[in-house]
Chemist: 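Starting off with a structure, shown below.
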Amino acid sequence: MRDRQKRRRQRLWLERIVIVVLALLLAAEAVYLLRHRNVPGAGVTAPEWVEVEPLPINPYSRPGTPLRQINGVVVHYVGNPATSAEANRSFFAGLALTGETYASAHFLVGLDGEVLQCVPLTEIAYCSNERNDDTISIEVCHDDETGEFNADTLDSLERLTAWLCVTFDLDAQTDVIRHYDVTGKICPKYYVEHEDAWLSFKDGVLSREAEFRSQ
């Protein structure tokens, strides 16, 4: 009899703990939704060719801070030749445990043209320094030390950038910039060292915009 009563008390306590945890999770979700309700990017869904793999919320790669505005797109290169988009996403996710630096991006474009979304379009990513709070960031993988993007990667980068420009009413010629244009860092390396290739890329973005304006 006593054992039965003891088990019943333990079950009741466990149920209460579960209820409290669920209530806290629901409250946290409600606060998150309220904070991001009127943020630029709210309600925007990534196209079907983007794999959405959000990082865990943490201080080092996804702080959950709302974007103030979306005034541009910043292009970066990963600086680590021959690494995949998934490997770079894993590095960002691992910062939640290691805390070794602050780094992330909204999108990663891989060597086979795959596109991963790591951070929601309502939140900042730690990628573009003082422009974190008003830009979308794209980290791009590359085969070698030159930093040049292969054909598959470049095709997806142009497509993604065109979609972002149309979605957020951005001008590809003036609102799409390099990390170099923010801080002077040699990033993306190939586009800093080859200005003609950078201008050609932006022309490619413009030519791809029609694909999304008709949708």
Chemist: Check the pair Q173, D171 against side chain to side chain donor-acceptor pair (under 3.5 Å), reporting the backbone distance first and the verdict last.
Modeler: CA-CA 5 Å; Q173 294 292 3; D171 185 330; over 6 Å; no
Chemist: H76 vs H179 aromatic rings, parallel, tilted or perpendicular, using cut-offs 30° and 60°?
Modeler: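 It falls in the tilted class, 30° to 60°.
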Chemist: Which heavy atom in Y190 sits nearest to a heavy atom in A197, and how many Å separate them?
Modeler: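 Scanning both residues, the minimum pair turns out to be CE2-CB, 3.7 Å.
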Chemist: Over all heavy atoms of both residues, which pair between C127 and N132 is shortest? Give the atoms and the distance, please.
Modeler: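 Where C127 meets N132 most closely, the heavy atoms are N-OD1, 3.1 Å.
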Chemist: Do NZ/NE/NH1/NH2 and the carboxylate oxygens of K202 and D175 come within less than 4.0 Å?
Modeler: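 No, K202 and D175 are not salt-bridged.
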Chemist: Considering non-hydrogen atoms only, spot the tightest contact between T45 and W163 and give its length.
Modeler: O-CZ2, 3.5 Å
Chemist: Quick check: does any side chain N or O of N58 sit under 3.5 Å from a backbone N or O of P56, one acting as donor and the other as acceptor?
Modeler: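 Yes, the answer is positive, given that a donor and an acceptor are paired below the 3.5 Å cut-off.
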Chemist: Please walk me through it: do N129 and T183 pass side chain to side chain donor-acceptor pair (under 3.5 Å)?
Modeler: CA-CA 8 Å; N129 303 80; T183 66; 4.6 Å; no
Chemist: Quick one: are V109 and C141 in side-chain contact, heavy atoms under 4.5 Å?
Modeler: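 When only atoms from C-beta onward are counted, C141 and V109 do not touch, as no gap falls below 4.5 Å.
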Chemist: Measure from the side-chain N and O atoms of T101 to the backbone N and O of A103, and report whether any donor-acceptor pair falls under 3.5 Å.
Modeler: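 Judged by distance alone, no pair lies under 3.5 Å.
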Chemist: Less than 4.5 Å apart, side chain to side chain, heavy atoms only: is that true for E158 and F201?
Modeler: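 In contact.
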Chemist: Applying the side-chain contact (heavy atoms from CB on, under 4.5 Å) test to S128, which of I177, D181, T135, I136 qualifies?
Modeler: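 That would be T135.
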Chemist: So with a 6.0 Å cut-off around CD of E145, is the heavy-atom count from everything else above 12?
Modeler: no
Chemist: Working to the nearest 0.5 angstrom, can you tell me the gap between L206 CG and C165 SG?
Modeler: 7.5 Å
Chemist: Would V44 and F168 count as a side chain to side chain contact (heavy atoms under 4.5 Å, CB included) if you check the C-alpha gap in whole Å, the side-chain angles of each, and the deciding distance to 0.1 Å?
Modeler: CA-CA 10 Å; V44 175; F168 296 108; 4.1 Å; yes
Chemist: Group every Ile, Leu, Val, Met, Phe, Trp and Tyr by side-chain heavy-atom contacts under 4.5 Å, then state whether V78 and V50 land in the same group.
Modeler: yes
Chemist: Measuring from atom OG of S84 to atom CG of L108, what distance do you get when rounded to the nearest 0.5 angstrom?
Modeler: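 Spacing of OG (S84) from CG (L108) equals 9.0 Å.
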Chemist: Please report the closest heavy-atom contact between K185 and V192, naming both atoms and the distance.
Modeler: O-CG2, 4.4 Å
Chemist: Should F107 and V140 count as side-chain neighbours, where that means a heavy-atom distance under 4.5 Å?
Modeler: no
Chemist: Looking at CZ of R62 and CZ of F92, how far apart are the two atoms once the value is rounded to the nearest 0.5 Å?
Modeler: 14.0 Å
Chemist: Mark yes when over 12 heavy atoms from residues, nucleotides or ligands other than D169 sit less than 6.0 Å from its CG; otherwise mark no.
Modeler: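 Open: at most 12 neighbouring heavy atoms sit under 6.0 Å from CG of D169.
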Chemist: Treat each ILVMFWY residue as a node, draw an edge where side-chain heavy atoms are under 4.5 Å apart, and state whether L111 and I138 are in one component.
Modeler: no
Chemist: List the steps and the verdict of side chain to side chain contact (heavy atoms under 4.5 Å, CB included) for L55 and R89.
Modeler: CA-CA 8 Å; L55 300 170; R89 183 205 171 277; 4.0 Å; yes
Chemist: Return the OG1 to CG distance between T167 and L164, rounded to the nearest 0.5 Å.
Modeler: 6.5 Å
Chemist: When you look at OH of Y126, are more than 12 heavy atoms from neighbouring residues, nucleotides or ligands closer to it than 6.0 Å?
Modeler: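 Yes, the 6.0 Å shell around OH holds more than 12 heavy atoms from other groups.
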Chemist: Does a side-chain heavy-atom distance below 4.5 Å link V75 with Y180?
Modeler: no
Chemist: How long is the span from the OH atom in Y77 to the OG1 atom in T153, to the nearest 0.5 Å?
Modeler: 15.0 Å
Chemist: Under a 3.5 Å distance rule, please check whether S156 uses its side chain to pair with a backbone N or O of E114 as donor and acceptor.
Modeler: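 It does not hold such a pair.
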Chemist: Quick one: pull up CG in D133 and CD1 in I124 and give me the separation to the nearest 0.5 Å.
Modeler: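 These two atoms lie 7.0 Å from each other.
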Chemist: Aromatic rings H142 and F149: how do their planes relate, parallel, tilted or perpendicular, breaks at 30° and 60°?
Modeler: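 The arrangement is tilted - the two ring planes meet at 30° to 60°.
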Chemist: So which atom in A125 and which in V119 form the shortest heavy-atom distance, rounded to 0.1 Å?
Modeler: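 Shortest heavy-atom contact: CB-CG2, 4.2 Å.
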Chemist: Would R159 and V115 satisfy side chain to side chain contact (heavy atoms under 4.5 Å, CB included), going step by step from the backbone distance to the final call?
Modeler: CA-CA 10 Å; R159 189 184 193 193; V115 180; over 6 Å; no
Chemist: Any side-chain heavy atom of C187 sitting closer than 4.5 Å to one from R178?
Modeler: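 No, every pair of side-chain atoms sits at 4.5 Å or beyond.
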Chemist: Whether the side chain of D144 engages the backbone of P81 through a donor-acceptor N/O pair (distance < 3.5 Å, no angle test) should be reported.
Modeler: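 Judged by distance alone, no pair lies under 3.5 Å.
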Chemist: Is the shortest heavy-atom distance from the side chain of L154 to the side chain of E148 under 4.5 Å?
Modeler: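 L154 does not reach E148 side chain to side chain.
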Chemist: Using side-chain heavy atoms (C-beta onward) and a distance below 4.5 Å, is C118 in contact with E53?
Modeler: no
Chemist: Quick check: does any side chain N or O of E209 sit under 3.5 Å from a backbone N or O of E211, one acting as donor and the other as acceptor?
Modeler: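 Pair absent, no side-chain N/O of E209 close to backbone of E211.
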Chemist: Would L199 and I186 show up in the same hydrophobic cluster when neighbours are defined by side-chain heavy atoms closer than 4.5 Å?
Modeler: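 No, L199 and I186 fall in different hydrophobic clusters.
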Chemist: Are L160 and V166 grouped together when hydrophobic residues (ILVMFWY) are joined by side-chain heavy atoms under 4.5 angstrom apart?
Modeler: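 In one cluster: yes.
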Chemist: Taking all non-hydrogen atoms of both residues into account, name the closest pair between D134 and L67 and its distance.
Modeler: N-CD2, 4.0 Å
Chemist: Let me check something: do V205 and I70 share a hydrophobic cluster, defined by ILVMFWY side-chain heavy atoms less than 4.5 Å apart, either directly or through other members?
Modeler: yes
Chemist: Under a 4.5 Å cut-off applied to non-hydrogen side-chain atoms, are S137 and H106 in contact?
Modeler: yes
